[in-house]
Every structure is written in C-alpha cells, then in structure tokens.
Amino acid sequence: MSTASADKELVERVQAGDKRAFDELVLKYQHKLVKLISRYVHDHAEALDVSREAFIRAYRALPRFCRDSSFYTWLYRIGINTTKNHLVSQGRRPPDNDIDAQDAERYDIESRLKDQESPEALVQRDQVQETVMAAIDDLPDDLRTAIVLREFEGLTYDEIAQAMDCPIGTVRSRIFRAREAIDKRLRPLIDDTGEQSDAG
Amino acid sequence: MQDKTAEQLSAYLDGELNADERRFLARRLAADEQAREQLGRYHRISAVIRGDYRVDTDHLAARVASAIAEESTHQSTDAAAASGENRWNWLLQPVAGLAIAASVALGIVAVYPLVSDNLAGESARSVEVTQASNNAGVRSASGSLSQVGQRSSTQTKVTTTRLNAAQRHRLNPYFVNHSEHASGTQLGGTLKYIRIVGHDTNR
C-alpha cells in the first residue's frame with residue numbers, strides 16, 4: 001500500500017468520525033511540518049505552537065479535503081498559510097516566496113546550511129542523527145541491508161525480498177528487528193535531552 | 001507489548017499490511033496508548049534518517065491530540081446520509097428544485113404585467129411631459145432662438161431619463177410595427193408607394 005493510499009484511508013476514517021486516525025496522521029507528519037514551519041519561525045517553541053495550530057486547522061478543514069489530493073501537499077499549504085497568518089499577527093514579514101510542495105524536498109537539501117535552529121538544538125539533533133547512523137552500522141548485515149533498502153532507498157518489502165533473495169515475511173521481521181535495535185539506542189539519548197516520549 | 005504487534009506496527013508504518021491486519025491494528029491503535037507510542041518511535045527513526053527530525057517535536061502529537069479532543073467529531077457525508085434526519089435528502093433535493101423553479105415562474109407571471117403597466121404608464125407620462133413642454137414652448141415662443149434651444153434641450157433631457165436602453169429595446173418592435181402599419185394606411189407610406197409604382201407599370 002502506497003503512502004498516498006494509507007493517508008487516504010486515514011483521512012476517510014477521520015471524516016467518518018474516528019479522531020484517533022488523525023493522531024496517526026500527526027505522528028506521521030509532525031516532524032516534517034515542524035521542519036517546514038521552522039524555516040520561517042525561527043524560535044523552536046513558537047514553531048511548535050504554529051505547527052499545533054496548523055494541525056488543528058487541518059482537522060477542522062478535513063471534511064472539505066478532496067480525497068483524490070495528496071494529504072501532505074494539502075497539509076503543507078495549511079502549514080504555510082498558518083505561518084503567514086502568525087507572522088502577520090506578530091507584525092513580522094511573512095514569507096514572500098512560496099515553495100511548491102513538490103519542490104519542498106529539494107529545497108530542504110539546499111536550505112540545510114541556512115538552518116535557523118539554536119546551537120544547542122543543532123548539537124542535540126546531530127547527536128540523535130549520529131546515534132541512529134551508528135546503530136545502523138552496528139546492525140548485523142541482513143538487518144542493516146533490509147533497513148537501508150527500506151529507509152534510504154524506499155523499496156517495498158517485495159522489492160527487498162527479491163533483492164535479498166528471501167521471503168517477504170523475513171524482510172518484515174528483519175526491518176522490525178532493525179528498528180527495535182535502533183530505538184533501543186535512541187531512547188536513552190532522547191530522554192537525556194529532556195524529551196518525553198508522550199507521543200512516541 | 002508483544003513482538004507480533006510491534007512487528008505489525010513496523011509493517012503498518014511501511015504500508016505493508018493487508019486489509020484485515022490494518023483493520024485489526026487500527027482498532028488496537030485507537031485503544032492502546034503504548035501502541036501509539038511505539039508507532040511514534042518508529043516514525044521518529046524514519047524522520048531522523050530523512051533529516052526531518054527536530055528536537056522536542058514528539059510533544060506535538062500529544063498537544064494536538066488534546067486540542068482535537070475538544071473539537072467536534074466529523075461525520076462523513078455517507079454517514080450523514082444514513083442518519084435519520086437526512087434520510088429524505090434524496091427526495092427533498094429534487095422537490096426543493098421544483099419548488100424554486102415554480103416560484104420563479106409564478107413570480108414572472110404575476111409581476112411582469114404589473115411591471116409592464118408601470119412601464120407603459122411611465123411612457124405615457126413621458127409623452128405628457130414632452131407635450132406639456134412643447135405647449136409651453138409654443139405659448140412662450142416669441143421668435144427667440146435661445147428660447148427654442150432651451151426647449152429642445154429640456155425635451156431631450158426628459159426623454160433620456162424616462163426611457164433607458166432596455167425600455168427602448170422593448171419598444172422598438174412596437175415602433176417598427178407602428179411604422180409598417182402607418183406606411184400601409186397613410187400617404188407617403190412605403191407600401192402605398194410600391195402600389196403606385198405597380199399601378200404605373202401596369203398602365
């Protein structure tokens with residue numbers, strides 16, 4: 001099932017009255033949305049507030065969401081508009097050049113050097129990133145190959161099974177065990193940085 | 001949490017569960033806080049690898065969830081259609097359409113004659129005003145060119161304000177018919193002229 005199909009299913013559940021399905025959409029896109037809004041709102045706490053507002057607006061507008069559209073593209077527009085409104089209400093200049101959602105990923109790469117996070121946040125983020133990469137490096141070969149093909153290359157389980165010449169069930173198990181191993185290394189670090197895993 | 005459920009969560013994140021497994025896990029996620037936390041941690045790993053991760057962002061999902069809890073629950077159009085209060089929507093919509101169409105037709109039938117009468121009355125008044133103005137002009141005429149000019153401008157002004165473009169457009173067929181009728185009954189009319197020409201030819 002593609003990301004678009006999975007999102008569509010979650011959107012339909014929310015539209016049918018299942019609020020918990022919206023939690024799943026938030027879990028899925030919260031990092032991406034905060035990263036987007038942080039480009040314009042440089043204070044991290046403020047960026048989180050604007051992101052929260054954007055998600056609430058998205059929830060309210062969800063009955064009008066066209067199911068054939070991409071959920072993230074739609075959420076992206078709401079995120080940008082919420083940010084603009086926030087900056088205007090604060091008497092600050094809103095972003096004058098919009099970036100199309102499809103170009104967002106490319107823009108992310110180009111703007112990485114212009115990141116506006118505080119030095120402490122950058123250090124913490126780098127530590128988290130290094131920990132994850134180190135955890136991947138330390139994985140047994142079969143787990144590492146499976147998780148790399150999935151997370152870095154974006155292959156489906158079927159494609160990974162063909163590449164690794166093993167059943168799909170084995171791929172599923174290897175990816176799960178790789179994630180568990182990475183999470184085990186990551187959790188103490190996240191707790192040390194003061195983050196409560198109240199949502200994940 | 002059982003490894004089997006955690007493995008399903010991992011596959012769920014990748015969109016690799018079949019429909020039955022997805023339904024089962026959706027129910028589990030709705031009821032099990034631990035399962036949601038686990039799914040959130042797997043999403044966090046993916047976010048770190050993609051470079052999307054930001055410190056403290058994990059607070060956000062809980063904050064949004066508590067805000068959404070105070071919002072009203074959405075009801076899909078399908079569910080709304082199935083509910084009792086909207087059960088007759090399929091019948092009400094065409095009936096309402098017919099009612100609107102009938103109202104418009106009735107309005108046109110009832111109001112148009114009144115409007116037409118008013119327009120006719122306004123035209124009549126227009127003629128009266130023009131005539132009165134002409135009479136006044138004749139009575140006060142003393143050969144003064146300026147007075148004649150003044151009278152003409154008054155006439156033009158009154159006619160312009162009384163007959164707008166729409167009214168002139170509607171009166172146009174009347175003028176044409178009237179002209180045709182007049183041409184057939186009065187000296188100098190076109191039809192009469194043709195008869196005369198025809199008569200001359202026969203002779």
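Not measured: the values here are computed from a predicted model. Per chain, numbering begins at 1; letters A, B, ... match sequence-line order.
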request  = Could you grab the distance from atom CD1 of Ile68(B) to atom CG of Asp23(A), nearest 0.5 Å is fine?
outcome  = 8.0 Å
task = Output the option from Ala11(B), Ala31(B), Ala47(B), Ala67(B) having the highest count of non-hydrogen pairs under 4.5 Å with chain A.
result = Ala11(B)
ask   = Of the backbone (N, CA, C, O) and the side chain (C-beta and beyond), which part of Phe22(A) lies under 4.5 Å from a heavy atom of chain B, both, or neither?
value = side chain
message = Any donor-acceptor pair under 3.5 Å linking the side-chain atoms of Asp183(A) with those of Tyr42(B)?
response = no
key: Straight-line distance of Ile182(A) CD1 to Arg41(B) CZ, nearest 0.5 Å   = 13.5 Å
Donor on one side chain, acceptor on other, Glu151(A) and Ser46(B), under 3.5 Å = yes
ask   = Between Glu21(B) and Arg172(A), is there a salt bridge with N-O shorter than 4.0 Å?
value = yes
ask   = What is the distance from atom CD1 of Ile56(A) to atom CZ of Arg63(B), rounded to the nearest 0.5 Å?
value = 8.5 Å
message = Quick check on the interface: out of Ser51(A), Ala6(A), Ser173(A), who has the most heavy-atom pairs with chain B under 4.5 Å?
response = Ser173(A)
inquiry  = Please check: side-chain N/O of Arg179(A) versus main-chain N/O of Ser10(B), any donor-acceptor pairing under 3.5 Å?
reply    = yes
ask   = Minimum heavy-atom separation for His31(A) to Arg44(B), with atom names?
value = NE2-CA, 3.9 Å
inquiry  = Looking at Val48(B), is its backbone amide N or carbonyl O close enough to the side chain of Gln129(A) to form a donor-acceptor pair, meaning the two atoms are under 3.5 Å apart?
reply    = yes
Audit row: Tyr12(B), Glu24(A), side-chain hydrogen bond (donor to acceptor under 3.5 Å, both in side chains) steps and yes/no = CA-CA 11 Å; Tyr12(B) 179 70; Glu24(A) 290 182 43; 2.3 Å; yes
Heavy-atom contact with chain B under 4.5 Å, split by part of Ile168(A) = neither
message = Quick check for you: to the nearest 0.5 Å, what is the distance between His44(A) atom NE2 and Arg54(B) atom CZ?
response = 8.5 Å
ask   = Looking at side-chain heavy atoms only, is the closest gap between Phe55(A) and Leu60(B) below 4.5 Å?
value = yes
ask   = At their closest point, which heavy atom of Leu27(A) faces which heavy atom of Leu39(B), and how far apart are they?
value = CD1-CD2, 4.3 Å
query = With only heavy atoms counted, which part of Leu33(A) is less than 4.5 Å from chain B, the side chain, the backbone, both or neither?
reply = neither
ask   = Side chain of Lys19(A), backbone of Ala65(B): donor and acceptor closer than 3.5 Å?
value = no
note = Here the pair of heavy atoms bringing Gly51(B) nearest to Lys35(A) is O-NZ, 3.3 Å
message = Strictly distance-based, threshold 3.5 Å: is any side-chain N or O of Lys28(A) a donor or acceptor partner for the main-chain N or O of His43(B)?
response = no
note = Turns out that what part of Val14(A) lies under 4.5 Å from chain B's heavy atoms comes down to both
remark   = Most heavy-atom pairs under 4.5 Å with chain B, out of Glu180(A), Glu53(A), Arg177(A), Arg150(A), belong to Arg150(A)
Asp126(A) CG: over 12 foreign heavy atoms closer than 6.0 Å = yes
remark   = CG (Asp52(B)) and OH (Tyr29(A)) are apart, to the nearest 0.5 Å, by 11.0 Å
query = For the side chain of Glu7(B) and the backbone of Phe176(A), is there at least one donor-acceptor N/O pair under 3.5 Å apart?
reply = no
inquiry  = Using 0.5 Å steps for rounding, measure from the CZ atom of Arg20(A) to the CZ atom of Arg27(B).
reply    = 16.0 Å
ask   = Thr156(A) versus chain B, heavy atoms under 4.5 Å apart: side chain, backbone, both or neither?
value = both
request  = Over all heavy atoms of both residues, which pair between Thr57(B) and Gln30(A) is shortest? Give the atoms and the distance, please.
outcome  = O-OE1, 3.4 Å
